[in-house]
Amino acid sequence: MAGTEITLHTRPENGAYRDVLPGKYGEAVPLPEPLGIDVATDGFPVYGEARGPQGRFTEKTQ
């Protein structure tokens, strides 16, 4: 998963997000107040990739 990027969309207003915060998979994502916590991302699934035998990645799924 190294190098996989994540995107946090923040500050919703009138049906659109006003800010986008980039990050990397495996790094903690700080959530703004009123939550004010960090969310670990190292356990999140990576969408679009399937694991084959022995945990190896195979071709992307549809």
Side-chain angles (χ1 to χ4, degrees):
M1 294 346 128
T4 302
E5 296 179 1
I6 60 172
T7 304
L8 175 63
H9 297 267
T10 64
R11 297 181 34 183
E13 185 176 301
N14 297 323
Y17 291 101
R18 295 178 19 178
D19 287 326
V20 176
L21 304 174
K24 295 213 182 280
Y25 183 89
E27 296 178 350
V29 176
L31 299 182
E33 294 296 334
L35 298 175
I37 61 171
D38 290 346
V39 176
T41 63
D42 55 353
F44 287 4
V46 176
Y47 294 100
E49 295 181 354
R51 289 186 184 256
Q54 292 84 35
R56 295 189 181 131
F57 285 103
T58 59
E59 64 183 316
K60 291 192 176 205
T61 58
Q62 301 258 341

> Considering residues at least two apart in sequence or located in another chain, which fulfil the side-chain hydrogen bond (donor to acceptor under 3.5 Å, both in side chains) criterion with Glu33?
Replying inline: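 side-chain hydrogen bond (donor to acceptor under 3.5 Å, both in side chains) list for Glu33, sorted by chain: empty.
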> Residues two or more places apart in sequence or in another chain: which of them pass side chain to side chain contact (heavy atoms under 4.5 Å, CB included) with Leu21?
Replying inline: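 Side chain to side chain contact (heavy atoms under 4.5 Å, CB included) check on Leu21 returns Leu8, Thr10.
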> Which residues pass the side chain to side chain contact (heavy atoms under 4.5 Å, CB included) test with Asn14, sequence neighbours left out?
Replying inline: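 Asn14 satisfies side chain to side chain contact (heavy atoms under 4.5 Å, CB included) with no other residue.
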>> Do Leu35 and Tyr17 land in one hydrophobic cluster if side-chain heavy atoms of ILVMFWY residues count as linked below 4.5 Å?
In response: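 Leu35 does not cluster with Tyr17.
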Heavy-atom closest pair, residues [X] and [Y]:
X	Y	value
Phe44	Val39	CZ-CG1, 3.7 Å
Ala28	Asp38	CB-CB, 4.1 Å
Val20	His9	CG2-ND1, 3.6 Å

>> Please check this pair: side chain of Thr41 against backbone of Glu27, looking for a donor-acceptor N/O pair closer than 3.5 Å.
In response: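 Checked: pair present.
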> Which value, rounded to the nearest 0.5 Å, describes the distance between Asp19 atom CG and Glu13 atom CD?
Replying inline: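 With rounding to 0.5 Å, CG (Asp19) is 10.5 Å from CD (Glu13).
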